[in-house]
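Remarks on the structure that follows.
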Amino acid sequence: MPPPPSLVIQVAVPVPLDQSFAYSVPAAFEGRIEPGCRVLVPLGSRKLIGVVVGASSDEPGPRIRQITRVLDEEPALSPELLDLGRWIADYYCAPLGEVLKTMLPLAGESRKSKRAILTPEGLLRARQHGNSAQPTDLTGQVLRALVKRPLNHSYLKRKLPGSASVIETLRKKGWLALDEFVEDRKSVRAGNAALNVTPLTADPPPRRLTSAQRTAVDTISASIAGREFRTFLLHGVTGSGKTEVYLRSIDKVLREGKSCLFLVPEISLTPAAASEFYARFGEQVAILHSAFTDPERSGQWRRVREGKARVVVGTRSSVFAPLEDLALVVVDEEQEGGYKQDEAPRYHGRDVAIVRARAAGATVVLGSATPSLESRYNVDRGKYELLQLPERIAGRPLPKVRIVDMRTEFLETRRPDLFSRDLDDAIRQRLEERQQVILLLNRRGFSSFVMCRKCGERIECRNCSVTLTHHRRHGKLLCHYCDYSQPVPAECPDCNSGHLYFVGSGSEKVEEHLRKRFPEARVARLDRDSVRGRGRYEAILHGFREGDYDILCGTQMVAKGHDMPNVTLVGVVSADVGLGMPDFRAAERTFQILTQVAGRAGRGKMPGEVVLQTWSPDHYAIRFASAQDYEGFYQKELHYRRMLHYPPFVATATLTVRSRKLEESLSLSSRLGQHLKEGSPAVRIQGPAAAPLAKLKSEFRYLFLLKARSRKSIAATLRRAKSFAQENRWPATALVTDVDPMSLL
Ligand code: ADP
Ligand code: ZN
Ligand code: ZN
């Protein structure tokens with residue numbers, strides 16, 4: 001008989017509850033368990049992988065279940081990362097177990113499966129059945145297979161087609177049980193070369209820095225050497241050579257024997273960008289990309305953990321990379337919304353990076369050509385230090401921007417053309433001179449929506465309260481929120497008239513228009529529809545860089561970070577897309593994307609030009625973007641934010657109440673509203689109101705917007721909301737909390 005367990009520990013498991021659970025530790029595992037270790041534990045009828053967070057004050061006893069297995073020899077999470085996890089759980093009001101799970105990309109190392117096991121009764125029946133059944137009886141087959149040994153559920157389903165329903169029937173009869181277990185798998189311990197990260201396309205490092213680059217590198221290096229927590233905002237215009245500043249700073253860190261973290265938005269982590277790092281730093285670099293498989297990702301994580309790689313380049317979740325001696329954190333394109341995770345835990349990668357750096361005494365560099373209002377305001381407040389690269393490399397001018405007022409264009413031509421005469425001429429000229437063109441229309445699809453001329457009906461998604469977008473190449477109407485699609489109807493689904501018409505235009509139409517207008521031009525399109533499939537995005541960009549295409553058109557994907565020296569014209573088909581969004585960041589986002597796309601022009605020896613078509617030429621976001629005047633935009637936008645009580649002047653959070661039934665979402669949210677409004681004096685609570693996306697993926701949504709001067713009072717209100725939901729036994733998915741939301745839809 002093994003001795004009874006004496007040790008009880010607290011384990012955070014990935015369930016949407018704000019609590020950890022006590023488990024006892026069998027004597028065999030004692031001495032092998034530390035905080036940060038992953039353990040397999042039973043919860044209800046399930047087995048879950050949780051993380052040990054500390055000793056428990058509970059006494060061992062029959063109520064306390066035992067852990068099943070210990071998965072780690074050494075803690076998977078260091079004390080430092082455990083603390084970071086606690087900070088995230090606290091700040092974002094997220095369950096600790098879910099946070100810790102997000103921090104560990106080790107899913108590749110274990111696979112959950114279900115095993116079918118015969119119960120004693122099943123065993124008895126199987127023996128009887130074996131004597132009487134015909135060979136073709138599926139039940140008899142299934143039972144015979146299981147008499148020998150328990151089998152993997154998915155294996156059984158594959159081996160015996162049609163057995164799934166038999167297994168379900170047997171389970172209901174109590175003849176067999178489905179037991180969850182976790183299998184070990186090997187992670188892929190590959191170096192970068194094996195992951196197709198090659199140094200082929202990277203340029204050699206420039207020998208001389210510009211004086212602005214020099215100042216920036218020296219200031220950052222001094223901070224690294226001083227082991228100080230300081231945050232720099234590196235504001236450099238497009239083409240000012242920010243990357244070189246990052247690379248030199250990283251070099252400094254490596255020479256000091258320390259490590260560093262480089263965060264990029266999802267979209268900019270192309271093989272070209274990765275190879276630049278690989279060329280400079282070789283196998284000291286670990287790339288963490290979401291396109292990797294789970295085993296590849298866990299392999300990279302292990303390389304970092306073992307200290308083999310000391311530079312981590314990756315997207316949002318790399319902020320949790322198990323680096324030791326962290327001395328530098330760089331967040332490139334810090335304004336990008338993609339740093340915010342849009343599912344639980346809804347953390348912001350940039351902000352978590354800063355918190356991690358603070359604990360480690362590391363230096364932070366936030367880089368951007370168009371810093372977020374929040375970050376830029378932190379300079380005014382004295383929290384961040386500003387470093388500026390105000391000019392392009394080699395004295396290259398910023399591109400000239402021309403605004404085309406589409407209202408006068410229509411009055412003069414009387415034609416609702418996609419391209420103005422100016423844009424048309426400018427494209428033709430570039431084609432003649434063999435220079436390249438980028439065209440932006442930040443909307444996917446062919447037409448925005450389909451409308452009936454007779455009854456006015458707009459065809460909407462079955463699951464969401466949005467219109468379906470026409471995608472002509474596939475002949476279908478598509479929902480951009482839930483991917484529901486249907487064929488284009490021949491008549492109106494409401495009144496059966498045949499007078500359907502297609503309103504608005506998207507990137508697919510731009511491509512078609514280009515092919516008609518300039519049949520000799522080689523055109524490529526870059527948007528979420530054209531880059532489905534691994535590697536497509538890189539292939540299109542690579543082709544364009546190599547001169548295989550004359551024109552690259554597409555959505556915001558064409559605006560990001562690419563350095564294509566032969567591009568001398570950037571056309572914006574409609575600068576107004578996005579301005580009408582019901583979101584206080586609409587103007588900021590418009591300014592950012594216009595400035596960024598304009599920055600793609602004239603990065604080589606030839607100067608660039610930008611043609612900006614708009615129906616609202618007087619809007620300040622468009623005015624300041626065309627003047628490439630960041631400071632002007634910042635001051636104006638800051639003024640509005642102050643007047644209207646928006647960030648960076650207040651802290652915000654949203655609460656969304658969701659239900660498949662409209663009445664339920666309405667009644668739950670109004671009860672919650674009443675509860676919250678009594679007793680949250682420091683918090684301004686707007687709502688509940690139907691969310692702008694009132695129905696999404698078949699759920700009705702009611703929204704609260706919370707604003708307050710202090711984050712503490714917002715957090716307290718969110719906690720009250722969560723306990724109200726728990727006390728009233730709401731389903732776990734009914735309430736969504738989002739701190740510092742990036743979207744108010
Ligand atoms: P940004 O990210 O600020 O838009 P990049 O880092 O892409 O700008 O730099 C623009 C171009 O200038 C790149 O081709 C880069 O190799 C080059 N470059 C950067 N620094 C220098 C320098 N000191 N001398 C010459 N070329 C440089
Ligand atoms: Zn109709
Ligand atoms: Zn939908």
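One-based numbering, in listed order, for ligands and for the atoms of each.
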At the Zn ion (ligand 3), SG of C482 and SG of C461 open up to roughly (10° bins) 100°

Taking both backbone and side-chain atoms of E244, is any N or O found less than 3.5 Å from an N or O belonging to ligand 1?
-> no

Ligand 1 atoms nearer than 4.0 angstrom to some heavy atom of R208 are 22 (C), 23 (N), 24 (N)

Closest heavy-atom approach to atom 3 (O) of ligand 1 among R214, M564, K242 is made by K242

- Message: Under 4.0 Å between a side-chain nitrogen and a carboxylate oxygen: does that hold for E699 and K695?
- Response: no

Self-check item: N, O or S from C464 under 2.8 Å to the Zn ion (ligand 3)
Solution: yes

In this structure, the Zn ion (ligand 2) sits at the vertex of an angle between SG of C495 and SG of C492 that rounds to 10° as 110°

Exam field: side chain S497 to backbone H499, donor-acceptor pair closer than 3.5 Å: yes

Whether R392 lies under 4.0 Å from ligand 1, heavy atom | no

* Is the Lys NZ or Arg CZ of R316 less than 6.0 Å from the centre of Y339's six-membered ring, within 45° of the axis? -> no

For R396, I'd like to know if atom CZ has over 12 heavy atoms of other residues, nucleotides or ligands within 6.0 Å.
yes

Using a 3.5 Å cut-off on N or O atoms only, is T238 in polar contact with ligand 1? no

Which of V329, V319, L263 passes side chain to side chain contact (heavy atoms under 4.5 Å, CB included) with V352? It is V319

Result for salt bridge (Lys or Arg N to Asp or Glu O under 4.0 Å) between R350 and one of E334, E333, E374 points to E334

Within the 4.0 Å heavy-atom cut-off, what Q213 brings close to ligand 1 is side chain

A student checking ligand 1 against V237 at a 4.0 Å heavy-atom cut-off should list atoms 3 (O)

Are there more than 12 heavy atoms of other residues, nucleotides or ligands under 6.0 Å from atom CD of E457?
yes

| message | Are any of the N/O atoms on L209, whether in the backbone or the side chain, positioned under 3.5 angstrom from an N/O atom of ligand 1? | response | no

>> Tell me whether R462 at atom CZ has more than 12 heavy atoms from other residues, nucleotides or ligands lying less than 6.0 Å away.
In response: no

Less than 4.0 Å is my threshold; does some heavy atom of G236 fall inside it relative to ligand 1? no

Requested in this report: Could you walk me through whether R472 and E508 pass the salt bridge (charged side-chain N to carboxylate O under 4.0 Å, His left out) test, one step at a time?
Outcome: CA-CA 8 Å; R472 186 141 105 179; E508 200 185 339; over 6 Å; no

Q: Would you mind reporting whether R230 and E385 have side-chain heavy atoms less than 4.5 Å apart?
A: yes

In terms of its nearest heavy atom to atom 5 (P) of ligand 1, the top option of G241, G604, S368 is G241

Here the vertex angle at the Zn ion (ligand 2) for SG of C452 and SG of C455, given to 10°, is 110°

In ligand 1, the atoms that come under 4.0 Å of a heavy atom of D563 are 11 (C), 13 (C), 14 (O)

